[in-house]
4 protein chains.
Amino acid sequence: MNTKNIVLEVSGRERILNAAASLFGELGYEKTSIRSISRESGMKPGSIYYFFQSKEEILLEIYASGFSLMTDIVLAAVREVDDPWDQLYSACAAHLEGIFEHRTFIEVTVRELPDRYSEPARSEMKKCRNLYEQIFSKIIDEIPLNHTVDRSTFRLSLLGSLAWTLVWYRPGGRLTPRDTARNMVDLFRKPCSSFGDNSL
Amino acid sequence: MNTKNIVLEVSGRERILNAAASLFGELGYEKTSIRSISRESGMKPGSIYYFFQSKEEILLEIYASGFSLMTDIVLAAVREVDDPWDQLYSACAAHLEGIFEHRTFIEVTVRELPDRYSEPARSEMKKCRNLYEQIFSKIIDEIPLNHTVDRSTFRLSLLGSLAWTLVWYRPGGRLTPRDTARNMVDLFRKPCSSFGDNSL
Amino acid sequence: MNTKNIVLEVSGRERILNAAASLFGELGYEKTSIRSISRESGMKPGSIYYFFQSKEEILLEIYASGFSLMTDIVLAAVREVDDPWDQLYSACAAHLEGIFEHRTFIEVTVRELPDRYSEPARSEMKKCRNLYEQIFSKIIDEIPLNHTVDRSTFRLSLLGSLAWTLVWYRPGGRLTPRDTARNMVDLFRKPCSSFGDNSL
Amino acid sequence: MNTKNIVLEVSGRERILNAAASLFGELGYEKTSIRSISRESGMKPGSIYYFFQSKEEILLEIYASGFSLMTDIVLAAVREVDDPWDQLYSACAAHLEGIFEHRTFIEVTVRELPDRYSEPARSEMKKCRNLYEQIFSKIIDEIPLNHTVDRSTFRLSLLGSLAWTLVWYRPGGRLTPRDTARNMVDLFRKPCSSFGDNSL
DNA sequence: CATGAATGAGGATTCATTCAT
DNA sequence: GATGAATGAATCCTCATTCAT
């Protein structure tokens with residue numbers, strides 16, 4: 001095996017992870033069988049257990065990589081931005097772009113929620129989630145919010161809105177991920193009520 | 001069988017539906033087996049198939065009842081309210097209260113998304129969802145929104161925020177479902193930016 | 001219940017027997033379920049057990065009626081015929097015509113062989129078969145056969161040829177059942193070898 | 001694992017096929033369960049699915065091997081024979097000897113008829129049958145038959161007679177398979193009618 | 001005369017996993 | 001590195017049958 005081929009070489013581990021990520025994302029963890037991962041990855045079912053101890057371990061690794069990837073993407077997007085609202089725009093845009101560009105790996109992180117798993121997988125998964133969500137927490141903490149706003153509800157609502165995009169957002173539609181992100185954040189930032197509303 | 005017991009009599013069908021709803025909600029559709037439904041409902045696995053043609057049919061029935069129940073709850077909450085923003089408060093509050101009061105039946109509707117199922121179940125499920133979400137659509141259509149606001153993003157973000165509560169909301173905490181609903185809607189209604197923000 | 005309707009009235013028993021005969025013939029005894037008989041007959045599975053003690057009993061009754069019907073048909077066809085070869089023509093023609101005209105009831109008798117059943121069903125079924133085959137035995141006994149011919153092989157070959165028609169014969173083809181019967185018997189009666197054959 | 005045992009080593013596949021062939025032949029396809037095949041073959045039910053995709057696939061493989069075996073036997077028997085009638089004697093004798101010597105594998109091919117199966121199994125099975133029956137067709141085509149004889153009826157009657165032997169023939173009786181074959185073919189070849197018959 | 005409710009046993013098949021090679 | 005063979009337990013579901021009504 002000479003160096004010319006190096007680029008094309010994909011290790012067994014990676015082939016399995018890619019196949020599994022794609023299937024977990026599309027069908028869900030439960031509906032995905034080791035056999036289907038084996039089929040998709042071109043490896044025999046027995047071989048998978050040379051690389052991973054269990055099906056759950058595969059999920060955990062994908063979960064971790066997915067969040068790690070997202071973390072990198074979002075942090076990079078935010079790095080050069082100063083204004084907290086602008087940071088939030090960037091972070092959300094990066095999040096949505098990331099989800100739909102690296103869908104294979106990342107859909108898993110959004111759809112498989114820790115509470116359906118038993119320990120110790122659950123804790124592991126929660127840790128990944130929390131770490132990622134802290135990015136948003138920190139940005140939000142810097143935003144000068146009106147004192148009537150519940151900062152926690154703010155954060156959770158925004159995360160909910162972002163997560164829910166997986167249910168309805170289809171790439172190639174009217175709005176780009178970036179547009180969508182801006183629209184979403186603006187919902188929070190600016191008053192939606194039209195002029196006549198005097199309930200403020 | 002005397003009349004005193006009449007209230008306690010629960011038909012086989014209902015026992016199965018209750019057991020299944022509870023398990024689907026807690027573990028998810030895939031992790032729930034017919035055997036576990038049988039255990040929980042006190043009926044033998046074979047008997048379940050006297051009442052239902054398949055596991056999927058059970059889900060479908062729960063799905064439909066869940067949305068039907070929610071529809072009733074939300075419509076009732078909105079009925080006597082005139083102002084669209086107030087309608088939205090009421091609808092969201094009813095939604096959250098409903099979810100956490102009738103959790104058994106309703107969690108299923110929030111967590112089992114149609115896209116993981118194959119036809120014809122998928123269509124059936126989508127129909128239920130759409131019907132319910134139209135309630136919110138219609139309310140939102142009546143709200144005098146600032147012309148810069150994308151009404152569609154508004155609706156989807158709100159639904160996302162509401163759905164996501166299942167991930168984080170725990171009854172008995174700092175906020176009641178009603179408080180949470182108010183906070184959420186207010187995020188959209190009023191400007192979150194504190195005074196110094198001149199980007200408006 | 002007035003007399004005008006009498007023709008249309010079909011008792012539960014008969015509806016079950018008709019449905020079962022049709023299904024047993026088409027799918028075979030094993031592939032036919034009590035539920036499918038119930039569906040086809042318009043009665044509930046439980047009701048079938050009001051009329052019959054078991055699935056096997058239904059088969060037995062169909063088996064008996066089928067052979068009884070065939071016996072009547074063949075005996076009637078033979079009654080006025082004197083010459084034994086002519087009797088054989090008539091009997092075979094009646095057999096084939098009977099099979100394809102009353103296919104529903106009779107296919108069962110040809111396809112469900114006793115040896116796959118356990119006692120006491122097996123004996124019952126054999127008795128029916130034997131009784132019917134005796135008609136052919138007796139006719140053949142009267143035929144003045146060449147002394148080199150094994151009369152037993154003669155009988156069994158003929159029965160085999162007749163039975164096998166179910167595999168290949170399709171009504172509406174080149175040959176009527178009657179033609180086919182004549183051809184078959186002639187194979188035995190006349191020498192097939194063409195002239196030049198001197199091995200006789 | 002020493003060399004002495006080498007002859008006795010039988011692969012899992014073969015053990016399953018042998019067990020299944022024996023059971024399919026004795027009880028029929030439907031009455032044979034995967035569990036019973038597992039019992040007979042000494043393998044666990046799950047293991048069977050490592051080698052075969054379905055119960056039907058096992059049948060198909062047995063069907064194909066059975067006909068292939070029969071084809072070899074009959075062709076070998078015919079190879080050195082010139083006269084067409086003698087070929088037919090040999091072919092039928094080989095057929096009957098084959099059936100009763102390799103009963104395990106071959107009974108299945110005679111008793112499980114394609115028409116009870118659904119596509120694509122049915123086509124597969126028909127193909128096997130047709131290929132085998134062509135051997136007989138070709139031999140019969142070479143026989144100089146009296147012009148009054150319907151060649152097609154001739155072929156089908158003979159096949160029927162042969163197939164039917166499974167119903168009545170018991171090895172060790174008065175006639176060997178070879179005797180039986182000769183008797184059967186002679187029924188067709190020579191006139192059965194005794195002298196006084198002037199209907200020729 | 002017929003049914004609705006229920007069952008225990010068993011149907012084919014798939015599961016994640018193991019382990020000697 | 002990777003596999004072929006094998007498994008025990010579980011999967012959804014169907015079976016013929018029962019029985020109180």
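All values below come from the heavy atoms of this structure, side chains included, with hydrogens, waters and symmetry mates left out. The shown structure was predicted, so the numbers you read here are calculated from the model rather than taken from an experiment.
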Does dA2(E) have OP1 or OP2 sitting under 4.0 Å from an N or O in the side chain of Y50(C)?
no
Minimum side-chain heavy-atom gap S123(C)-E119(C) below 4.5 Å
yes
Given side chains that start at C-beta, do those of S36(D) and R39(D) come closer than 4.5 Å, heavy atoms only?
yes
Pairing residues for [X] by the ring pair (Phe, Tyr, Trp, His ring centres under 6.0 Å) criterion, not counting sequence neighbours:
{"X": "F105(B)", "result": "none"}
{"X": "F24(A)", "result": "Y29(A)"}
{"X": "F52(D)", "result": "none"}

The side chain to side chain donor-acceptor pair (under 3.5 Å) partners of R35(A) (sequence neighbours excluded) come to none
Tell me which donor-acceptor pairs under 3.5 Å the side chains of residues 43-51 of chain D have, and how far apart each pair is, sequence neighbours excluded?
| unit_1 | atom_1 | unit_2 | atom_2 | d |
| --- | --- | --- | --- | --- |
| S47(D) | OG | K44(D) | O | 3.4 |

For [X] and [N], give me the distance from atom [atom1] to atom [atom2], rounded to whole Å.
{"X": "I37(B)", "N": "dA10(F)", "atom1": "CD1", "atom2": "P", "answer": "17 Å"}
{"X": "E57(A)", "N": "dA16(E)", "atom1": "CD", "atom2": "C1'", "answer": "14 Å"}
{"X": "E14(C)", "N": "dC1(E)", "atom1": "CD", "atom2": "P", "answer": "13 Å"}
{"X": "K44(A)", "N": "dT3(F)", "atom1": "NZ", "atom2": "C1'", "answer": "8 Å"}
{"X": "I48(D)", "N": "dT14(E)", "atom1": "CD1", "atom2": "C1'", "answer": "14 Å"}
{"X": "R13(A)", "N": "dA2(F)", "atom1": "CZ", "atom2": "C1'", "answer": "15 Å"}

Going by the salt bridge (Lys or Arg N to Asp or Glu O under 4.0 Å) test, which pairs reach into residues 10-26 of chain B, not counting sequence neighbours?
R13(B)-E61(B)
Set out, line by line, the N/O atom pairs under 3.5 Å between protein and nucleotides 13-16 of chain F.
| unit_1 | atom_1 | unit_2 | atom_2 | d |
| --- | --- | --- | --- | --- |
| dC13(F) | OP2 | Y49(B) | OH | 2.5 |
| dC13(F) | OP2 | K55(B) | N | 2.9 |
| dC13(F) | O5' | Y49(B) | OH | 3.3 |
| dA16(F) | OP1 | T32(C) | O | 3.4 |
| dA16(F) | OP1 | K55(C) | NZ | 2.9 |
| dA16(F) | OP2 | I34(C) | N | 2.9 |

Residue whose nearest DNA chain E nucleotide is more 5′ - S36(A) or M43(C):
M43(C)
Among pairs that include at least one residue of residues 104-115 of chain D, which meet side chain to side chain donor-acceptor pair (under 3.5 Å), considering only residues two or more places apart or in two chains?
R111(C)-D115(D), D115(C)-R111(D), R103(D)-E107(D), E107(D)-R111(D), E112(D)-Y117(D)
With pairs taken as Watson-Crick or G-U wobble and both distances under 3.5 angstrom, which stems of at least three consecutive pairs involve DNA chain E?
E:2-21 with F:2-21
